[in-house]
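Below, read A as the first sequence line, B as the second, and so on, with proteins coming before strands; counting in each chain starts at 1.
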Amino acid sequence: MLRQITGRLIEAFAALLLMSLVIFLLSRVTGDPVALLLSDSATEADRQMLIEQLHLDQPMWRQYLSFVGNALQGDFGQSVNAGRQDALDLVMSRLPASISLAAVALAFTLVVGIAMGVVAAVTRGSWIDVLVRVIALLGQSVPSFWLGIVLIYIVSVKWGLLPTSGYGTWQHYILPALTLGTFTLAAVTRLVRASMLDALGSEYVKLARVKGVSEATVIFKHALSNSLIPVVTFMGAFFATMITGAVVVETVFAWPGIGRLAYESIVSRDFPVIQTVVLVITAMFILANFAVDMLYLAIDPRMRDAG
Amino acid sequence: MIHTTRAALLSAAAATCLALPALAADGELVIATPTLSDQTMTPWSGSGQRKTYLDLVYEYLVYLDPEGNTEPGLAESWEMSNEGKTWTFHLREGVPFSDESCGDVTAEDVKYSIERLVAEDSRAGPASTMRRIIDTIDTPDDLTVVVNLKAPDFLLDKGYFGEAQQLGIVCKSYIEGLAAGADTAAPVGTGPYVLDHSTDGSEVVLTLRDIDHWRVSPDWETVAIRIVPEEATRVAMLQAGEADIAPVSFDSIAGLKDAGLRIVSAEKTWSPVIRLGGTVQTDEARFNKENPWSDVRVRQAMNYAIDKQAIIDELFAGEGTVANGDTPVAAWDSVQPYPYDPDKARELLAEAGYPDGFDMTLKTFATTPGAELPLMAEAAALYWADVGINATIEPGDWPSIRTEWTSGKALDFAMTHRGFPFPNPENGVEAGFSTQSLFASFTSDDLEALMAELAAETDPAARTEKLTEIGQYIRDQAGAVFMVLANEPWAVGPDVGEWVIDTAYVYNFDTVGKAE
Amino acid sequence: MSLLSVRNLTVRLGREADAPAILDNISLDVDPGETVGLVGESGSGKSTLGMSVLRLTPPNLAAGTTGEIFWRGEDILKMPAKSLHKLRGGEISMILQDPMASLNPVFSVGSQLKEALRRAGKPDLAKAAEAALAEVNIPSPAERLRAYPHQMSGGMRQRVVSAIGLAQDPALIICDEPTTALDATIQYQFLDLLRELQRAHHMAMLFVTHDFGVVARICDRVAVMYAGRIVETGPVREIFRNPQHPYTRALLAAVPSTSHALDRLPMIEGAPPSVGARPEGCAFHPRCPLAIDKCRMQPATETLRPGHTVACWRAREEVA
């Protein structure tokens, strides 16, 4: 176990290091922040001074090395934006909003997606099955932006039930989580439906029925527990997608998450913030996958022995 | 496990139905703004975009009325001497800072505020230019500040020291007393509000000070400035009563009026324009003679060819006037814009040797505000096509285009841009048309000479005349394809009474009235 | 009275009267304590018959089911859900074909066994579970209860499945090719175990197989199925001594007499017809070495001796 964890840590570190190099180079391909930071009446001298201040005059490899060196000591640099806020602070201040929204959205997707998948599988071929699949497909096809705006107009403006946007109370979570979760709903539903059908046709479900246990036990205990294994496999990816892919949702709902921060920092070529966001997201991916592996162990006894 | 989660969701859904909508509280003024760039709290620690909230906390030496005339601020009076090189400000007595230990504003506070704003580590927009002109600052007594300049600035009061810029007066002893450095500073100023809290990426909330303020008596206990990047969401907030004030796009105006909301426009706060690359004639590296538009007749033709009023009506909901220059300048009021005259355009093109027109590239991008720029580019290209100029539109992003521009690589294409009014129009002319500015998009030896004359002139009336002359010259030379002097529309909810925006960056959120 | 009495059972692929029939007019009896073998190649419908008895066929087959299946005189096909629920696993139980797949991989053996024992109302589940495993000769049963299926060998799993099948003391146990997936030596062990258990529990057994070798070892009577019909039934001895249907003979010929190994493949040329493409008349005639024109018509089922019936035009003439 200890060896596994050590191995994992080394892997994680290597992934982060590689990612840091990739993002370092990628972010610098498309220009630099200097032009954006200069005031409209700036002169060449102003530009040189700014370049020096941001250490952009040093060769690329040295910039990278000092970035990695500082990052190892927990210093991810400052935003090059006028505010010059500490990049890590900035990202960390946005992270709770992102994680909590992703968690709520994931919970929504899982609960509804699993329910819909089970219903569709159990009623396979009936109109309910067709309806569920159509709903799921619609959820995937509807652009988040459109869905978010429509929800705001109906639920908040027309009915006055929930706040349009913002962050703070639990009411603020509902619409963005719904919008964010709807996209993955189709995937979860399809996944659960397919694996439920497999499970329902399996010999162990047959055996459970032969034993005479109730249909509910057959479906929810025997079939569902097995159907959840593929869902768990994708859960890490879902969660990460919800954190990173939330740019649109965060924009529409004025949600102060890292998706928007990432987008804004890319637009303003704010290298330190871009790098920090990406590394934090990478770390989240790694953590999510680790959590998934742990969940696997809990749910699938075969994994426990596989080691 | 599944059953419990489902039950939780159901009860959550049930509770939702009972929840009350989050309407803005009675004494709370909610302003939804697309961005605050960064949420730092001292005048020098960031860009002018923060003025939405900083202006409620910090005050300026000089204020401006809606016509752009000066009004006393923390300086009760001031005078210019030494041919524009010495400015003496007499401070108002007994204006207390929000932090009691700071006492009242003194000359030392003002001196400190100026020095911090122009310091090398300042990140305020005008810092570098101000640093170039400010020489020394004297404080002969507690209420007098003498600013000595290296070069004359005849409009220091309206410009860098005025409310449209960033010289908010801070409390020296407070900032210096901060062990952890100024970046951790809470905003301590003399304005009517103090900071309640600031949530990064989300909102800045300010509360009214419990004093008789010398300048304003605000109607709102709380002002909350919320970051809402999406226009449709801002509109929804206005309709749901969650926001009282929000900037909106021209597209939304009709719908909002139908919904019973008022539109308050800040007039001529920005100026969409098409700049022509490679026309900095005084700098070989930035002058490209190969461009058809290196010929003044071609530049003029490009102006004549476009029906700008039609574009204003269609794209800007009529909220703007045909531009006579690249930024709004009061002294240029007499300068006539190019009329729409395609025949004249064809004639000029033929004279210049392009009877069949030419091919060109027009780069464009969308910003906030400035979502209309790509459509404006399309419209311009359509009009140009009519006279034979075949423009290929290249959508890009502002950072890339601005990088090309400031590094002298904008040589063989034209680009859409949005200009801003400068509180001191001379600064604007310098930024746009002097060789030393990285952002210069056009200049010539004649223009440089005119600007040198302006710099040397000391008589105010003569200076205004010279400025007008410069505007006329830039117009006649067609230094750009001037498009629109555009308004900035804001939608205002039913709880808001009287509110006037003077100009760009002067929002007056502390004088927003309450509806009866 | 027979314990189980199937009368004119027809199972079609759907409700329509002209839908292809998987089972065509089957009649079969199982008496208390008796072991009846149901023999045929795959696709003959023998497994469907087993599932029909528990009404566990898929919905489209359930819709196309006609006839009667009497359990102690009561028609299972008309039974209310509640009685049916009691019947399954209770009075009638089943051992499935594939021990590797028929245990749920995510639950421990003990939990799956206890599910059945709980229904039987055993007071001390842990003890009962241990006893149940011990009964099927699983060593150190207490430990094994905590094991997961993947931690066990195929033979061991099949014993667990048997223990589950027996947990509620059924009066009839349907074994659906329970040895097919097992190694030859383990097959024998398992069959012996089954026979022991049967005696101990006084169960009747309906043993579905394609292997006459297995039939010889365990069954009292046998019904030979081909393409959804029973083509011959009779006591095992009688059928071995005096097989009447050419198909029965072919199956018997496929059992190696010298070897102990129960090799599986019947050496009959051709393949059984698929459900939708069964020939007119005797479905076996295209593969039958004795086929004549008449075989294109369905032969009636005649009784040769008490208990021995056959459906073949050429049965009498070929009595050897």
**Q** I need the residue from A:Val210, A:Leu207, A:Ile229, A:Val205 with the largest number of non-hydrogen atom pairs under 4.5 Å to chain C.
**A** A:Val210
**Q** Is A:Glu250 reaching over with its side chain to a backbone N or O of A:Gly259, donor-acceptor style, under 3.5 angstrom?
**A**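 Side chain of A:Glu250 to backbone of A:Gly259, a donor-acceptor pair under 3.5 Å: yes, one is there.
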**Q** Should A:Phe285 and A:Phe239 count as side-chain neighbours, where that means a heavy-atom distance under 4.5 Å?
**A**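 Heavy-atom side-chain distance check fails, nothing below 4.5 Å.
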**Q** Checking C:Leu103 against chain A: side chain, backbone, both or neither under 4.5 Å from a heavy atom?
**A**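 For C:Leu103, backbone and side chain are both near chain A.
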**Q** Flag the pair A:Thr109 / A:Phe238 as yes when at least one side-chain heavy-atom distance between them is below 4.5 Å, and no otherwise.
**A**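 No, every pair of side-chain atoms sits at 4.5 Å or beyond.
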**Q** Given that the side chain runs from C-beta out, which part of C:Met51 has a heavy atom under 4.5 Å from chain A: side chain, backbone, both or neither?
**A**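 Only the side chain of C:Met51 comes within 4.5 Å of chain A.
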**Q** Report the C-alpha distance between A:Val277 and A:Arg94 in whole Å, list the side-chain angles of each, state the deciding distance to 0.1 Å, and finish with yes or no for side chain to side chain contact (heavy atoms under 4.5 Å, CB included).
**A** CA-CA 10 Å; A:Val277 169; A:Arg94 302 284 192 96; over 6 Å; no
**Q** Inspect the surroundings of CZ in A:Phe183 and state if more than 12 heavy atoms from other residues, nucleotides or ligands are less than 6.0 Å away.
**A**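 At most 12 heavy atoms, drawn from other residues, nucleotides or ligands, come within 6.0 Å of this atom.
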**Q** Could you list each N or O donor-acceptor pair linking chain A to chain C at a distance under 3.5 Å?
**A**
from     : atom 1 : to       : atom 2 : distance (Å)
A:Tyr204 : N      : C:Ala101 : O      : 3.2
A:Val210 : O      : C:Gly89  : N      : 2.9
A:Lys211 : O      : C:Arg119 : NE     : 3.0
A:Lys211 : O      : C:Gln168 : NE2    : 3.0
A:Lys211 : NZ     : C:Gln112 : O      : 2.8
A:Lys211 : NZ     : C:Glu115 : OE1    : 2.8
A:Gly212 : O      : C:His85  : NE2    : 3.0
A:Gly212 : O      : C:Arg119 : NH1    : 2.9
A:Lys221 : NZ     : C:Glu115 : OE2    : 3.0
A:His222 : O      : C:Asn104 : ND2    : 3.2
A:His222 : ND1    : C:Asn104 : ND2    : 3.0
A:His222 : NE2    : C:Glu115 : OE1    : 2.8
A:His222 : NE2    : C:Glu115 : OE2    : 2.8
A:Asn226 : ND2    : C:Asn104 : OD1    : 2.6
A:Asp305 : OD2    : C:His150 : NE2    : 2.5
A:Asp305 : OD2    : C:Gln151 : NE2    : 2.6

**Q** Quick one: does A:Trp255's side chain have a donor or acceptor within less than 3.5 Å of a partner on A:Ala97's backbone?
**A**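 Checked: pair present.
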**Q** Within the structure provided, determine whether C:Cys219 and C:Val36 are in side-chain contact (heavy-atom separation under 4.5 Å).
**A** no
